[in-house]
Number of protein chains: 2
Amino acid sequence: MALEHAILVSLLEQPGSGYELASRFDRSIGRFWTATHQQIYRVLRRMEADGWIAAEEVAQEGRPDKRVYSAAEPGRRALSAWLRAPVEPETVRHDLAVKIRGAAFDDPSGRAGLVAEVERHRAAHTALLHRYLAGERRDFPDPAALDAQQALQHVVLRGGIEYERMTVAWLDDVLATLHRLG
Amino acid sequence: MALEHAILVSLLEQPGSGYELASRFDRSIGRFWTATHQQIYRVLRRMEADGWIAAEEVAQEGRPDKRVYSAAEPGRRALSAWLRAPVEPETVRHDLAVKIRGAAFDDPSGRAGLVAEVERHRAAHTALLHRYLAGERRDFPDPAALDAQQALQHVVLRGGIEYERMTVAWLDDVLATLHRLG
DNA sequence: TCCTGCTATGCAACTTGTTGCATAGCAACT
DNA sequence: AGTTGCTATGCAACAAGTTGCATAGCAGGA
């Protein structure tokens, strides 16, 4: 499984608590790996038991204490071993595409509902695209002056940007097709 | 869950056995929904018990008998209800993106391995793109003369094609970035 | 002749991922 | 004073997905 590895990479980039990791997964990392806070907490405990990461209790004022994790050497070695092993092609679960093909077997009112649904997704993807673009301007203002870590983060972000662009264009194609069908 | 719905759509387009469904999921449907034969057989039995689909035993020569399923009316109604409910944005599990960001924390030999891995994925995506394009030429030679079902299948296929094009271009970007990093 | 591979289905065990709920203090708004 | 919302973590139960193995007949090549 690779949630462990995604967490390791995130902790190597920046130590953090389970809660902080969960919000990172909701934002940037969520683009290529989704996880709920439950999953993250469970895997964090296992990783700590395996010695892959180390935890430090941090007391806070006005809010509960937190456990800040950072990657330990065995974890870094495990990541390195995983990097050398081939991985499978990405898996996708694209409900909307299933719906689009399914719309052929529904009546016209179902098709009208689908238009609204596609428009909703289009708005969400457009918003995400703009968030990525804003993040790019903020974090990578000078693409010529990046170290290795930043350059790799940037190329992954560019992947997200291109994915969102392509998706918005495709959803426009879907809307045009649905429009032609009446 | 939506595997049920993906199966319903596939059976509405064309009745088939569990084995046939599994190979469809390995080919066209696998683009937006992956499933192993185990999952498919298990869900088919549940769907049959729920009356969503009907099975017919078909004897064959030279090979085992098969159970050919087709969508029943309650299944079509369940699909229709699902089409009217909003769905979540697609979820992605993109190991390769995790690896790319993880490569910042590995030594140069790990980075060399990553180049090979990216090239492997690039070849796979290129092959898939060409398969999709060949399928498009075969199944949709005249895009102006399609019924609703075909038009919807075609627009989903175009989504797959654009996704593969975008991915190949992005992997080239990744390779160029890795090359620049030495 | 043996081995591989394809069609065709399935059990059992295991790992992952999801959902609902619970706690708890504080801030900000109503 | 009450409600909502954020930080912060977690249990328990359930649903979904994966992996390894098994069966079985036939085709085709080494």
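These numbers come from a predicted model, not from an experiment. Lettering follows sequence order; numbering is per chain, from 1.
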* **Between dA8(C) (P) and Tyr69(B) (OH): distance, integer Å** => 13 Å
* Write down the distance between CD1 (Ile7(B)) and P (dG17(D)), rounded to a whole number of angstrom. => 10 Å
* To do: Please determine, for the side chain of Gln38(B), which listed nucleotide (dT19(C), dG10(C), dA8(D)) has the closest atom?
  => dG10(C)
* To do: Rounded to the nearest angstrom, tell me the gap between atom NE2 in His37(B) and atom P in dG10(C).
  => 10 Å
* To do: Would you kindly give the CD1-to-P distance between Ile40(B) and dA16(D), to the nearest whole Å?
  => 15 Å
* Within the pair Gln60(B) and dT7(C), is there a side-chain N or O less than 4.0 Å away from OP1 or OP2? -> no
* **Pairwise 5' ranking along DNA chain C for Arg46(A) and Glu20(B), keeping only the more 5' one** => Glu20(B)
* Is Ser17(A) near enough to dT9(D) that one of its side-chain N or O atoms lies under 4.0 angstrom from OP1 or OP2? -> yes
* To do: Please answer whether the main-chain N or O of Ala72(A) pairs with a side-chain N or O of Arg76(A) as donor and acceptor at a distance below 3.5 Å.
  => no
* Pick base, sugar-phosphate or nothing for Arg67(A), based on heavy-atom distances below 4.0 Å to the nucleic acid. => sugar-phosphate
* To do: Could you give me the CA-CA distance, side-chain angles and deciding distance for Tyr163(A) and Trp170(B), then say whether side-chain contact (heavy atoms from CB on, under 4.5 Å) is met?
  => CA-CA 9 Å; Tyr163(A) 176 81; Trp170(B) 176 61; over 6 Å; no
* **Tyr19(B), nearest nucleotide to its side chain (from dG10(C), dT9(D), dA8(C))** => dA8(C)
* Asked: Can you find a side-chain donor-acceptor pair between Glu20(A) and Gln14(A) that sits under 3.5 Å?
  -> no
* To do: Tell me which nucleotide among dA13(D), dT18(D), dA8(C) gets nearest to the side chain of Thr36(B).
  => dT18(D)
* Give the nucleotide from the list dT9(C), dG17(D), dC11(D) with an atom nearest to the side chain of Arg93(A). => dG17(D)
* State whether the side chain of Arg24(B) and the backbone N or O of Ser10(B) hold a donor-acceptor pair below 3.5 Å, judged by distance alone. => yes
* **Base dG17(D) to side chain Arg42(B), donor-acceptor N/O within 3.5 Å cut-off** => yes
* **Residue mapping more 5' on DNA chain D - nearest nucleotide basis, Asp65(A) or Arg45(A)** => Asp65(A)
* If we ignore angles and hydrogens, is there a donor and acceptor under 3.5 Å between the side chains of His154(B) and Glu136(B)? -> yes
* Nearest-nucleotide comparison on DNA chain C, the residue closer to the 5′ end among Lys66(B) and Thr91(B) -> Lys66(B)
* Asked: For Tyr41(B) and dT9(C), is the shortest distance between a side-chain N/O and OP1 or OP2 below 4.0 Å?
  -> yes
